[in-house]
Number of protein chains: 2
Amino acid sequence: MKDKQAAKVTINEVAAHAGVSKSTVSRYINGKLDAISPKKVQSIKKAIEELNYRPSQMAQGLKVKKSKVIGFLVADITNPFSVATLRGVEEVCDQYGYSIMVCNTDNSPEKEREMLYKLKAHYIEGLIINTTGQNNDVLMDLISQDVSIVLVDRKVPGLKLDAVTTNNRDVTSQIVNMMYDKGYSHVGLFTEPMKGISPREERVSAYTEIALERNAGRIPFVYEVDAKDKEALLQSVNSFLTMNEGKKAILGNNGLLMLKIISCLYELGASIPEDIGIAGFDDTEWYKLIGPGITTIAQPSHEMGRVAMERIIKRLEGDESAPQTIELEAELVLRHSL
Amino acid sequence: MKDKQAAKVTINEVAAHAGVSKSTVSRYINGKLDAISPKKVQSIKKAIEELNYRPSQMAQGLKVKKSKVIGFLVADITNPFSVATLRGVEEVCDQYGYSIMVCNTDNSPEKEREMLYKLKAHYIEGLIINTTGQNNDVLMDLISQDVSIVLVDRKVPGLKLDAVTTNNRDVTSQIVNMMYDKGYSHVGLFTEPMKGISPREERVSAYTEIALERNAGRIPFVYEVDAKDKEALLQSVNSFLTMNEGKKAILGNNGLLMLKIISCLYELGASIPEDIGIAGFDDTEWYKLIGPGITTIAQPSHEMGRVAMERIIKRLEGDESAPQTIELEAELVLRHSL
DNA sequence: CTGTTAGCGCTTTCAC
DNA sequence: GTGAAAGCGCTAACAG
């Protein structure tokens, strides 16, 4: 390590420099200006500027049990949906002086658990989480430690927590109906394993309901696939594509999966929407540039992040009202893939 | 606030529970096991498990001046390039028990400065930054505070810091040459304002050099545009497109810009590569699905994140060698947009 | 208004 | 081996 390390300036130096006690400096820092004589305010201000002093979050935090950091725990930060949400969270964090600690879980409950403990050790004040649903005990522990939690996108049954989600059921019904209206007799839903993940389940359930209703007698086509298993996915897509009847369309359960499905379609030489229609969830700017433009359900992910963080701020400010789940509206973006 | 708050379990409870002093527990936590009698090791282990104890990072940090957090400061976390890098950083952070604090600067030097101070207040041990280059003083201050800094993607002249970059010049020359080889007589480079940002400058300079060499007498076509100003961009693209001579191709300086340019091309009804060729930097999975597939220079962004973080770990472990810039190889991904 | 004092939860000499 | 004590940088009574 370097030893020419300039000692960090502390409240003591400021106090000495300004000729006051550190309590007074502390008061100044905490904005209790009207409890300090104007001249001292001036000298403290001057000292702080000259020394370029910044209070240590660690020391402050240790004392008041407030770290000014909030945790953002998602399955995969690489997912554009998560990034957009993070952006929203960040905007309001910034506004209130909070910092964000970002963690990936890769949908692994064990990793999630580890991360939760890590975040706890950092005394996070709030947590925005896209949970696997397998660590409710740790979540409860965090709650008892006074950290404010809000679930984004995924709700957890039996966990009374604030949540911000989208109207998955409605919007799924809407698009599935539209698909049938457009004359697609066979609409297949591709989804990653549900594993109790609420938005996936809601979409599947809404789809199934409409499929049953509109397509009497034919079983709904739900393909549960692993987006990472390219071969298997290709198989599934191909088997759906080559069923020898009807006009077909695929509904993809999320953006990442859509990407894989479209790749498969290209590989199989199927053209959109002539050979097969397709629509999905999430929206990225790229969607409009792919094929004829992909019709999709755009989630207000950025907004979800903002709302989630605002909820946390409210909680931190003392709001004790019952947990609520805020459902934001997803938007159907019509392009030409159907 | 809730008052049923379960007190956080501290080292004292553990000590009491295990019937030892807190010094001994501290020794245990810090792995000095051979300095503790085996039976005490057992009882401490048991106590920790039963109480589900985790040492407070804040308290530890305050004492040893190590927060176990590293800062990740980028212009725009929404940029896929940044996300991939973050992912890489995260992997190695995880491995060494570090947490990441993520901040956006939006390319604003003022915001960057604010964030740097914020990060400093959190006693970050390391910083991975994609800098505007306008806050070298704060960076130096951080250095004097013993935080290890590594620049990613963007180098800063005059700042002797570790950096990880890509071989922009080489790879740009390569692709530009290829474009001319393919018979494009007019290749235009579209870039966002250079403002001293090294990769942009390097690419423009490499392009200019080749353009001059291969296209004697014709001035290079460098369009400096604002990716956010849709109208102006459309203008520029159109003016290049409608020059009434030669076979044309565009080279876009980064992924975000590419997206906008391709949109413009679609809007103008130009088809790729018949009416105009195009190639760019960065690579996202979507590139292969757009038009005929976009030829691009894929940066090893994930790898860059890993390498950057590994560099920090080395520094933190005491490596005092001279700052080095590690240049990773970008890869030319040939598809059919040229 | 302002300084003194006592910790926050941990690490680290320094004795025993 | 192990505990007592001091202190990291800060805040929060409590006097004055």
Side-chain angles (χ1 to χ4, degrees), chain A residues 5-44 47-48 51-68 97 117 120-125 145-146, chain B residues 5-45 47-48 51-68 97 120-125 145-146:
Chain A
Q5 174 177 7
K8 190 148 191 146
V9 13
T10 76
I11 199 172
N12 287 305
E13 276 100 87
V14 178
H17 202 90
V20 301
S21 77
K22 61 177 183 173
S23 325
T24 305
V25 177
S26 175
R27 291 188 184 100
Y28 178 92
I29 296 171
N30 293 287
K32 303 186 176 39
L33 296 193
D34 42 342
I36 315 175
S37 72
K39 51 178 19 164
K40 297 214 170 180
V41 168
Q42 280 317 309
S43 57
I44 294 174
I48 289 183
L51 267 32
N52 193 228
Y53 167 73
R54 283 258 167 163
S56 155
Q57 282 288 353
M58 307 208 83
Q60 269 185 189
L62 180 57
K63 186 70 200 174
V64 304
K65 260 85 177 302
K66 297 230 165 315
S67 59
K68 280 302 197 179
Y117 280 128
K120 177 183 173 183
H122 279 288
Y123 280 61
I124 52 167
E125 291 183 51
Q145 229 65 189
D146 239 21
Chain B
Q5 174 176 5
K8 189 148 193 147
V9 13
T10 75
I11 198 171
N12 288 304
E13 277 99 87
V14 178
H17 202 88
V20 302
S21 77
K22 59 177 184 173
S23 320
T24 306
V25 178
S26 174
R27 290 188 185 100
Y28 178 92
I29 296 172
N30 293 288
K32 303 185 175 39
L33 296 193
D34 43 341
I36 315 176
S37 72
K39 52 177 21 167
K40 297 216 170 179
V41 168
Q42 281 316 310
S43 58
I44 293 174
K45 183 169 197 268
I48 288 183
L51 298 168
N52 193 229
Y53 168 72
R54 284 258 166 162
S56 155
Q57 281 289 351
M58 305 208 84
Q60 268 185 189
L62 180 57
K63 187 69 199 174
V64 305
K65 259 87 176 302
K66 298 231 165 316
S67 59
K68 281 300 197 178
K120 176 182 173 184
H122 279 288
Y123 279 62
I124 52 167
E125 292 183 50
Q145 230 65 187
D146 239 21

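Just so it is clear: chains get the letters A, B, ... in the order the sequence lines come, proteins before strands, and each one is counted from 1. The model shown is predicted, which means the values in this text are computed figures rather than measured ones.
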* Whole-Å gap separating C1' (dC10(D)) and CG (L62(B)) -> 8 Å

* Quick one: I44(A) CD1 to dC1(C) P, roughly how many Å, whole number? -> 13 Å

* **Interatomic distance, K22(B) NZ vs dC10(C) P [rounded to whole Å]** => 8 Å

* Determine the contact category for S37(B): base if any of its heavy atoms lies under 4.0 Å from a base atom, sugar-phosphate if only primed atoms, P, OP1 or OP2 are that close, otherwise nothing. => sugar-phosphate

* **Spacing of Q145(A) atom CD relative to dG9(C) atom P, expressed in whole Å** => 11 Å

* Structure fact -> Taken to the nearest whole Å, CD1/I29(B) to P/dT12(C) is 11 Å

* Counting only side-chain N and O atoms of N30(A), is one of them less than 4.0 Å from OP1 or OP2 of dT11(D)? -> yes

* To do: Check whether any side-chain nitrogen or oxygen of Q60(B) sits under 4.0 Å from OP1 or OP2 of dT11(C), and answer yes or no.
  => yes

* Considering only heavy atoms and no angle criterion, is a donor-acceptor pair shorter than 3.5 Å present between the side chain of S23(B) and the base of dA4(D)? -> yes

* So which one's nearest nucleotide on DNA chain C is more toward 5', S56(B) or R27(A)? -> R27(A)

* Is any side-chain nitrogen or oxygen of K65(A) closer than 4.0 Å to OP1 or OP2 of dG9(C)? -> yes

* Minimum side-chain heavy-atom gap K8(B)-Y123(A) below 4.5 Å -> yes

* Could a donor-acceptor pair under 3.5 angstrom be found where the side chain of K63(A) meets the base of dG7(C)? -> yes

* **Among dC10(D), dG3(D), dG3(C), the nucleotide that comes nearest once only the side chain of I11(A) is considered** => dC10(D)

* Y53(A), nearest nucleotide to its side chain (from dC10(D), dT11(C), dG3(D)) -> dC10(D)

* Structure fact -> Tested for side chain to side chain contact (heavy atoms under 4.5 Å, CB included) against R27(B), the lone hit among K40(B), K32(B), K22(B) is K32(B)

* Asked: With a 4.0 Å cut-off on heavy atoms, is K40(B) in touch with a base, just the backbone sugar-phosphate, or nothing at all?
  -> sugar-phosphate

* Tell me what I36(A) touches on the nucleic acid: a base, only sugar-phosphate, or nothing, going by heavy atoms under 4.0 Å. => sugar-phosphate

* Asked: How long is the line joining NZ of K8(B) and P of dG9(C), in whole Å?
  -> 10 Å

* Would you mind reporting whether V14(B) and Y28(B) have side-chain heavy atoms less than 4.5 Å apart? => no

* Heavy-atom side-chain contact between R54(B) and K120(A) under 4.5 Å -> no

* **Check: R54(A) side chain, dG9(D) base, donor-acceptor under 3.5 Å** => no

* Rounded distance in Å - CG (N12(A)) to P (dT4(C)) -> 12 Å

* Minimum side-chain heavy-atom gap S67(A)-Q57(A) below 4.5 Å -> no

* Asked: Among dT11(D), dG9(C), dT12(C), which is the nearest nucleotide to the side chain of V64(B)?
  -> dT12(C)

* Asked: Does Q60(A) reach the side chain of K66(A), with side-chain heavy atoms less than 4.5 Å apart?
  -> no

* Rounded off to whole Å, could you give me the OH-to-C1' distance for the Y28(A) and dT11(D) pair? => 18 Å

* Asked: Would you say T10(B) reaches dG9(C)'s phosphate, i.e. side-chain N/O to OP1/OP2 under 4.0 Å?
  -> no

